[in-house]
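One structure is given here, and the rest of the page talks about it.
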Amino acid sequence: MDIQQLQKTMIFHNMSEYEIADALSALQAIEKKYKKGAIIFHAGMTTVRAGLVLEGSVTIERNDMWGNRTILSHIGNGHCFAETYALLDDEPMLVDVSANEASRILFLKINTLAKDVPRMKAWQVKFIANLLIISSHKNLALSGRSFHTSPKTVRARIMAYLHTVALQQNKREFDIPFDRQQLADYLNLDRSALSKELGKMRVEGIVDFHKNHFKVIAKDALY
């Protein structure tokens with residue numbers, strides 16, 4: 001396992017190679033590979049392990065019994081998922097986690113992390129602090145999604161999402177992590193309605209795009 005690669009991730013931020021090696025042993029780290037579309041976690045199951053994406057990416061989605069799909073988030077290389085459920089090890093998952101592409105995942109058993117606080121090692125303190133930062137970022141992301149799905153019109157939802165990405169990347173030309181169907185699912189829109197509105201926005205000179213690459217053309221489109 002490439003410990004130097006792990007040092008670049010948020011979950012192992014500010015940890016030495018020795019501390020990471022100690023953490024991997026204590027957290028019973030195991031690595032698994034998944035093909036595109038493979039289910040990593042099913043809704044209804046419980047887990048004591050958080051996942052860290054080493055290669056590829058995963059999507060967090062809600063699939064109800066009527067066949068409706070809602071994408072809640074995209075987890076890219078170097079980022080974690082299921083850490084909340086792993087800490088609350090008896091809480092059934094309300095979401096599915098699937099591989100967005102061929103992926104390599106490191107699983108860490110974190111459910112016992114905070115059960116012996118007085119005798120915590122230095123790596124445990126750092127690890128928990130990193131988990132808190134990760135959780136804070138995810139809370140912001142969930143709040144952001146509410147901004148993207150609350151507008152009533154298709155165009156307003158598209159513009160709200162593109163506005164967020166432009167602010168995060170500080171540029172008007174960027175890639176998004178979703179294909180067209182995934183973007184529709186994320187924004188709670190019908191794919192045909194999304195594609196139709198994007199086509200209108202292109203004709204009107206507001207945006208241009210190719211697959212998941214977008215360019216905001218109109219100067220006042222996002223601001």
Side-chain angles (χ1 to χ4, degrees), residues 1-63 69-143 145 177:
M1 196 171 298
D2 188 348
I3 290 183
Q4 291 185 338
Q5 178 189 7
L6 296 179
Q7 283 182 307
K8 298 175 183 178
T9 65
M10 185 63 238
I11 195 66
F12 290 110
H13 176 68
N14 199 32
M15 293 172 64
S16 68
E17 292 188 13
Y18 174 80
E19 287 174 323
I20 292 176
D22 196 11
L24 293 176
S25 175
L27 301 176
Q28 301 175 34
I30 56 173
E31 185 180 313
K32 294 185 179 181
K33 293 182 179 180
Y34 294 88
K35 295 181 180 179
K36 180 178 180 179
I39 300 297
I40 300 170
F41 288 132
H42 281 287
M45 69 180 292
T46 60
T47 183
V48 297
R49 293 184 179 274
L52 172 64
V53 181
L54 299 179
E55 290 180 6
S57 61
V58 305
T59 55
I60 312 298
E61 54 193 58
R62 179 76 180 270
N63 297 288
R69 178 195 190 206
T70 302
I71 291 183
L72 301 175
S73 63
H74 171 275
I75 309 297
N77 195 343
H79 295 278
C80 292
F81 61 91
E83 66 281 352
T84 300
Y85 288 106
L87 287 169
L88 306 172
D89 51 27
D90 59 349
E91 188 70 25
M93 298 185 72
L94 300 178
V95 296
D96 294 320
V97 182
S98 62
N100 194 50
E101 56 191 305
S103 300
R104 187 163 58 94
I105 310 297
L106 180 69
F107 291 97
L108 304 166
K109 187 177 180 182
I110 66 172
N111 64 317
T112 60
L113 260 180
K115 294 183 178 179
D116 193 16
V117 175
R119 291 185 291 181
M120 273 189 176
K121 296 181 179 180
W123 72 262
Q124 290 173 296
V125 175
K126 294 177 183 179
F127 196 93
I128 291 174
N130 292 340
L131 275 177
L132 180 59
I133 294 172
I134 290 169
S135 178
S136 299
H137 280 299
K138 289 193 173 183
N139 284 336
L140 287 176
L142 287 174
S143 297
R145 185 176 182 275

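All heavy atoms count here, side chains included; hydrogens, waters and symmetry mates do not. Quick caveat, the model's predicted, so the values are computed rather than measured.
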Is a side-chain N or O of Ser143 found less than 3.5 angstrom from the main chain of Asn139, in a donor-acceptor match?
yes
One should read off an interatomic distance between Leu142 CG and His137 NE2, to the nearest 0.5 angstrom, of 13.5 Å
Does a salt bridge link Asp22 with Lys121, judged by any charged N lying under 4.0 Å from a carboxylate O?
yes
May I have all residue pairs that pass side-chain hydrogen bond (donor to acceptor under 3.5 Å, both in side chains) and include part of residues 29-56, sequence neighbours excluded?
Glu31-Arg104, Glu55-Arg104
How close do Ile39 and Ser98 get, heavy atom to heavy atom, and via which atoms?
CD1-CB, 3.8 Å
Just how far is it from atom CH2 of Trp123 to atom CG of Asn14, taken to the nearest 0.5 Å?
15.0 Å
Is any side-chain heavy atom of Asn100 closer than 4.5 Å to one of Val58?
no
Show, in sequence, the C-alpha distance, side-chain angles and deciding distance for Thr59 and Ile75, and conclude whether the side-chain contact (heavy atoms from CB on, under 4.5 Å) test is met.
CA-CA 6 Å; Thr59 55; Ile75 309 297; over 6 Å; no
Minimum heavy-atom separation for Thr9 to Gly78, with atom names?
CB-O, 3.6 Å
Taking salt bridge (Lys or Arg N to Asp or Glu O under 4.0 Å) as the test, write out the residues that go with Lys138, two or more places apart.
Glu83
Check whether Tyr85 reaches the backbone of Ala50 with its side chain - one donor and one acceptor, N or O, closer than 3.5 Å.
no
Tightest non-hydrogen contact, residues Leu6 and Leu54, listed as CD2-CD2, 3.7 Å
Output all residues satisfying salt bridge (Lys or Arg N to Asp or Glu O under 4.0 Å) with Arg69, sequence neighbours left out; order by chain, then residue number.
Glu61, Asp185
Could you walk me through whether Met15 and Gln7 satisfy the side-chain contact (heavy atoms from CB on, under 4.5 Å) test, starting with their C-alpha distance in whole Å, then the side-chain angles of each, then the deciding distance to 0.1 Å, before giving a yes or no?
CA-CA 7 Å; Met15 293 172 64; Gln7 283 182 307; over 6 Å; no
Separation of Leu27 CG from Gln124 CD (nearest 0.5 Å):
8.0 Å
Which heavy atom of Asp2 sits nearest to which heavy atom of Gln4, and what is that distance?
OD1-N, 3.1 Å
Any donor and acceptor pair, going by atom type alone, linking the side chain of Ser135 with main-chain N or O of Leu131 inside 3.5 Å?
no
Ile71 CD1 to Asp96 CG distance, which is reported to the nearest 0.5 Å:
11.5 Å
Can you measure from NZ (Lys126) to OG (Ser16) and round to the nearest 0.5 angstrom?
6.0 Å
Counterpart residues, salt bridge (Lys or Arg N to Asp or Glu O under 4.0 Å), relative to Asp89 (two or more places apart):
none
Student check: side-chain heavy atoms of Ile105 and Leu52 closer than 4.5 Å
no
By side chain to side chain donor-acceptor pair (under 3.5 Å), Glu17 pairs with (sequence neighbours left out) none
Hey, are the side chains of Leu24 and Leu106 touching, using non-hydrogen atoms and a 4.5 Å cut-off?
yes
Let's go through Ile110 and Leu87 carefully: what are the C-alpha distance in whole Å and the side-chain angles of both, what is the deciding distance for side-chain contact (heavy atoms from CB on, under 4.5 Å) to 0.1 Å, and is it a yes or a no?
CA-CA 6 Å; Ile110 66 172; Leu87 287 169; 3.8 Å; yes
Show, in sequence, the C-alpha distance, side-chain angles and deciding distance for His13 and Asn130, and conclude whether the side-chain contact (heavy atoms from CB on, under 4.5 Å) test is met.
CA-CA 7 Å; His13 176 68; Asn130 292 340; 3.8 Å; yes
Can you list the residues that meet the side chain to side chain donor-acceptor pair (under 3.5 Å) rule with Lys109, with sequence neighbours excluded?
none
Closest approach of Gly56 to Ser103 (non-hydrogen atoms, all atoms of both residues):
CA-OG, 3.6 Å
Are any of the side-chain heavy atoms of His74 and Ser57 separated by less than 4.5 Å?
yes
Check step by step if ring pair (Phe, Tyr, Trp, His ring centres under 6.0 Å) holds for Phe12 and Phe127.
CA-CA 6 Å; Phe12 290 110; Phe127 196 93; 5.8 Å; yes
Closest heavy-atom pair and its distance - Ala99, Ile40
N-CD1, 4.1 Å
